[in-house]
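What follows is a single structure, written as structure tokens, with notes after it.
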Amino acid sequence: QVQLAESGGGLVQAGGSLRLSCAASGRTFSSYCMGWFRQAPGKEREFVATIDWSGFSTYYADSVKGRFSISRDNAKNTVYLQMNSLKPDDTAVYYCAAGPQFAIVTTPYAYWGQGTQVTVSS
């Protein structure tokens, strides 16, 4: 069992930066692939970024490539999402997720956090 808790969301102006954190409980964090997803009002949850258990492999949605960076610290049981050059379209609730597969869809992720709100003003 893994419990996830996101933090770091907030209100930022367009062009600004935020760093999201996702703290995980349990001793098996380092064996999971981790993903970040987001959901805007009235829209489906969409993939943002994923990282494998080692931290060496990452993958990004085209909409955030070059602006967002995912990383993890297995010693701290934490995964991060550094978000730069934020746009109003990035406004959403951001969720972290843990699962056994390096995936860009929600299905393989067995564990989810409660989400953290990110609002980007124009």
Side-chain angles (χ1 to χ4, degrees):
Q1 191 80 5
V2 176
Q3 292 185 325
L4 304 173
E6 303 94 338
S7 62
L11 174 64
V12 64
Q13 289 188 333
S17 298
L18 282 174
R19 188 196 196 200
L20 305 183
S21 299
C22 174
S25 65
R27 299 180 179 179
T28 58
F29 172 78
S30 61
S31 67
Y32 287 99
C33 294
M34 300 297 296
W36 284 98
F37 291 77
R38 66 187 182 186
Q39 189 165 16
K43 295 186 177 181
E44 293 188 354
R45 192 167 297 189
E46 66 174 3
F47 166 76
V48 175
T50 186
I51 188 167
D52 75 344
W53 66 271
S54 71
F56 286 117
S57 294
T58 59
Y59 191 80
Y60 299 91
D62 287 344
S63 58
V64 307
K65 199 171 295 183
R67 300 188 298 122
F68 290 11
S69 177
I70 188 171
S71 61
R72 67 189 296 162
D73 185 338
N74 287 340
K76 295 182 178 180
N77 280 12
T78 302
V79 63
Y80 305 97
L81 185 69
Q82 178 66 44
M83 306 186 295
N84 299 326
S85 302
L86 283 161
K87 306 174 181 179
D89 284 350
D90 295 319
T91 295
V93 177
Y94 283 71
Y95 299 90
C96 68
Q101 297 179 25
F102 188 71
I104 65 170
V105 293
T106 60
T107 307
Y109 292 94
Y111 304 103
W112 292 83
Q114 294 299 307
T116 185
Q117 177 70 46
V118 172
T119 303
V120 184
S121 63
S122 57

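Remember, it's a predicted structure, so these values are computed and weren't measured experimentally.
Judged by distance alone, with hydrogens and angles left aside, the side-chain atoms of D52 form a donor-acceptor pair with the main-chain N or O of S57 at under 3.5 Å. Without hydrogens or angle criteria, T91 side chain to V120 main chain gives a donor-acceptor distance under 3.5 Å.
Atoms OG and NZ, from S122 and K87 in turn, are 14.0 Å apart once rounded to the nearest 0.5 Å. Atom CH2 in W53 sits 15.0 Å away from atom CE in M34 (nearest 0.5 Å). Note that CZ of F29 is 8.0 Å distant from CG of D73, once rounded to the nearest 0.5 Å. One finds the CG atom of D90 at 11.0 Å from the OG1 atom of T119 (value rounded to the nearest 0.5 Å). Annotation: the span from R72 atom CZ to S30 atom OG amounts to 7.0 Å, rounded to 0.5 Å. Taking CG of N77 as the start and OG1 of T28 as the end, the distance is 8.5 Å to the nearest 0.5 Å.
Inter-residue side-chain proximity for S63 and R38 is flagged as met; some heavy-atom pair is nearer than 4.5 Å. Using a 4.5 Å heavy-atom cutoff, the side chains of T106 and W112 are in contact. Residues Q101 and C33 have side chains not in contact (no heavy-atom distance under 4.5 Å, counting atoms from C-beta outward). Inter-residue side-chain proximity for E6 and Y94 is flagged as unmet; no heavy-atom pair is nearer than 4.5 Å. In this structure the side chain of S69 reaches within 4.5 angstrom of the side chain of Y60, judged on heavy atoms. Contact of the M83 side chain with the V64 side chain is not registered, since no non-hydrogen atoms from C-beta on lie closer than 4.5 Å.
Classification of the Y111-Y32 ring pair by plane angle, with boundaries at 30° and 60°, yields perpendicular.
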Evaluate L86 against F68 for side-chain contact (heavy atoms from CB on, under 4.5 Å), listing each step before the verdict.
CA-CA 9 Å; L86 283 161; F68 290 11; 3.8 Å; yes
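Crowding of Q3 atom CD: a count of heavy atoms from other residues, nucleotides or ligands under 6.0 Å not exceeding 12. No more than 12 heavy-atom neighbours from other residues, nucleotides or ligands sit within 6.0 angstrom of NZ on K43. Shown here is Q117, whose CD atom has more than 12 heavy atoms of other residues, nucleotides or ligands within 6.0 Å.
V48 is connected to I51 through a chain of hydrophobic side-chain contacts under 4.5 Å among Ile, Leu, Val, Met, Phe, Trp and Tyr, so both are in one cluster. By the rule that hydrophobic residues join a cluster once side-chain heavy atoms approach within less than 4.5 Å of another member, V79 and L4 end up as members of one cluster.
For the side chain to side chain contact (heavy atoms under 4.5 Å, CB included) with I70, the qualifying choice from W36, Y80, Y59 is W36, the only one to do so.
Using a 4.0 Å cut-off between a side-chain N of Lys or Arg and a carboxylate O of Asp or Glu, K65 and D62 qualify as a salt bridge.
With 3.5 Å as the limit, one finds a donor-acceptor pair spanning the side chains of T50 and Y109.
Closest heavy-atom contact between F47 and A49: CE1-C, 3.3 Å. S21 approaches T78 most closely through the heavy-atom pair CB-CG2, 4.3 Å. The nearest pair of heavy atoms linking S121 to L11 is CB-CD1, 4.3 Å. Summarising the geometry of V2 relative to A24, their closest heavy-atom pair is CG1-CB, 4.1 Å, with the distance given to 0.1 Å. Between S17 and N84 the shortest heavy-atom distance is OG-OD1, 2.9 Å.
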